[in-house]
Amino acid sequence: MTTTTIDQSTTSIKNNNEDKYSKNNSTDINDVYVKTEEDIVISGVKYPTPTGEGVIPPLQFEIIGKWGKARASKLTLPHHVCSTPMFMPVGTQGTVKGLTSQQLVDLNCGVVLGNTYHLGHRPGPEVMDSVGGLHKFMNYPRAMLTDSGGFQMVSLLQLAEITEQGVQFQSPHDGSTMVLTPELSMGIQNSIGADIMMALDDVVSSTTVGPRVEQAMYRTLRWIDRCIKAHKKPETQNIFAIVQGGLDSRLREICMEGLMAREFPGYAIGGLSGGESKDMFWRVVHQCTSKLPENKPRYLMGVGYALDLVVCSALGVDMFDCVFPSRTARFGTALVASGSLNLKSSEYSTDFTPIDSECQCMVCKNYTKAYLHIVAGKEAIGGQLLTYHNIHYQMSLMSQIRQSIIDQTFPNFVKSFINKQYPNNDCPQWALDALKEVNIII
């Protein structure tokens, strides 16, 4: 009888605890997160940065110019010395759609992105190991960064189940199942051989509310320690940690405290550009860049619109990535100083001028708007040519930002950029507010 009583009591306590935490996965704004024993912010785990006499760490970061919070820096990685602020084109499965590896070099891309989830499916880590990594596989000599696969928790949410172990995905390619854990993510990224590997984080959409946001932030801190322990090549590859916490400044602060205590080579700001208001967007970026270490690179994930690049560089971001310039090119849109041109429009059918008379890219030197009108959004060559031009535009924009910081003319550059993009004085208020916060008055 005594044993039965104890068992019933234990079961009752267990059920009460389960009930206590049952709403931690809720996205109801009225529910409250209940902290668990596992929700430890500072665990004592440290990132294993290579040290010792004659040892050169796989990441070196040197600030060579500043204006306010904006920084121009030299980022030295195993495969390339990069200049920041920089934009990084996205090559999800080892290719930036429409461009060859040599064209990426010609465009002076310092870092290209690959995706762990997709590359883990095809061609797989075994192929990466046998060929010696993605650099050799795609014949790209410069630096690479791999996303952990965490973003697919949002983009493939209907195919994913998230647990403490990791994320179970159903492949959109063949229907097979993959359980992406922090350990597997690190293993695939070690096989890929990227200069920068992103830690697997628990990602929720930026519009998500309720306890689920706090649950994801604490799980991100737990998973980060598993990523550190699973990392097999700290002498040649770097892990960047990702700050989560949604639009809640308190959660962002907690997450940064925990990640900074682990002393990573670099930090990313994640969980944005998912539909939140631009006013909330810039405030989260400003909060993070104000707290993250001055001597480490700061990477804002998934951001690529020209105005965002300029404003967030002013807020102190060093690295950006986005599919936007290549994706919009495939739909027939060219990026220019005044905004964008929809080359599918009939107004360009007899326009025999280049996309941009001042652009030095091979597309603007060799093709007219009239020709591009014929192929834009229809023929493969249209997407290829516009992708080349758009990536060139992004690279040129970042180069101008960088040089103006070094020359101490950054505010003048920002004002000139906005005047060209918004000649009718209709620049979005969020951008004006963000720039004013760092003493750039438009």
Side-chain angles (χ1 to χ4, degrees), residues 61-77 80-91 96 99 103-113 142-145 195-196 266 268-269 273 285 289 297-329 334-340 356 358-361 363-364 387-418 420-421 431 434-435 438 440:
F61 184 70
E62 178 188 0
I63 298 174
I64 59 177
K66 286 197 69 176
W67 196 99
K69 289 181 69 178
R71 305 115 65 87
S73 307
K74 182 171 75 172
L75 174 62
T76 303
L77 298 168
H80 193 62
V81 178
C82 310
S83 298
T84 73
M86 70 173 170
F87 178 80
M88 304 177 290
V90 176
V96 176
L99 298 182
Q103 285 178 318
L104 292 171
V105 173
D106 295 342
L107 286 163
N108 199 28
C109 299
V111 178
V112 170
L113 264 69
R142 294 191 175 185
M144 291 184 184
L145 181 152
D195 300 64
I196 298 173
I269 303 167
S273 296
V285 173
T289 55
R298 306 162 183 160
Y299 164 31
L300 180 55
M301 306 180 77
V303 169
Y305 294 140
L307 181 60
D308 295 1
L309 297 175
V310 171
V311 171
C312 293
S313 291
L315 295 175
V317 174
D318 306 300
M319 304 163 64
F320 304 87
D321 83 282
C322 191
V323 298
F324 168 68
S326 51
R327 179 173 290 170
T328 198
L335 304 179
V336 293
S338 59
S340 61
D356 181 347
E358 296 182 4
C359 179
Q360 296 301 306
C361 82
V363 178
C364 289
T387 296
Y388 189 99
H389 167 81
N390 285 356
I391 297 297
H392 183 276
Y393 171 84
Q394 301 286 92
M395 296 298 116
S396 176
L397 175 62
M398 301 314 295
S399 177
Q400 293 173 64
I401 292 172
R402 187 163 53 247
Q403 194 58 50
S404 70
I405 295 170
I406 294 170
D407 294 342
Q408 295 295 292
T409 58
F410 182 58
N412 293 336
F413 168 79
V414 174
K415 292 172 186 177
S416 174
F417 167 83
I418 288 179
K420 291 175 183 177
Q421 291 258 324
L435 292 169
V438 289
I440 300 176

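These values consider heavy atoms only, across backbone and side chains, with no hydrogens, waters or symmetry-generated copies. In this text, all values refer to a predicted model and were calculated from it rather than measured experimentally.
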S73 backbone acceptor or donor facing E62 side chain under 3.5 Å | no
Could you give the distance from CD1 (I196) to OH (Y299), rounded to the nearest 0.5 Å?
-> 8.5 Å
Pair M144-L113, side chain to side chain contact (heavy atoms under 4.5 Å, CB included): steps then yes or no | CA-CA 6 Å; M144 291 184 184; L113 264 69; over 6 Å; no
List the steps and the verdict of side chain to side chain contact (heavy atoms under 4.5 Å, CB included) for R402 and T84.
-> CA-CA 7 Å; R402 187 163 53 247; T84 73; 5.7 Å; no
Does the Q421 side chain pair with the main chain of A337, one donor and one acceptor, at a distance under 3.5 Å?
-> yes
Would you say the side-chain atoms of S399 and Q403 include a donor-acceptor pair closer than 3.5 Å?
-> no
Does anything in residues 303-327 pair up under salt bridge (Lys or Arg N to Asp or Glu O under 4.0 Å), and if so which pairs, sequence neighbours excluded?
-> R71-D318, K278-D308
The single option from I418, L315, I401 passing side-chain contact (heavy atoms from CB on, under 4.5 Å) against V310 | I401
When you look at L397 and F417, which way does the side chain to side chain contact (heavy atoms under 4.5 Å, CB included) test go after all the steps?
-> CA-CA 9 Å; L397 175 62; F417 167 83; 4.1 Å; yes
Spell out, as yes or no, whether a donor-acceptor pair under 3.5 Å connects the side chain of S326 to the backbone of V323.
-> yes
May I ask you to decide if H392's main-chain N or O and S396's side chain share a donor-acceptor pair within less than 3.5 Å?
-> no
Report yes or no: do K74 and S83 form a side-chain donor-acceptor pair below 3.5 Å?
-> no
Sorted by chain and number, sequence neighbours left out, ring-ring contact (aromatic ring centres under 6.0 Å, His included) with F324 holds for Y305
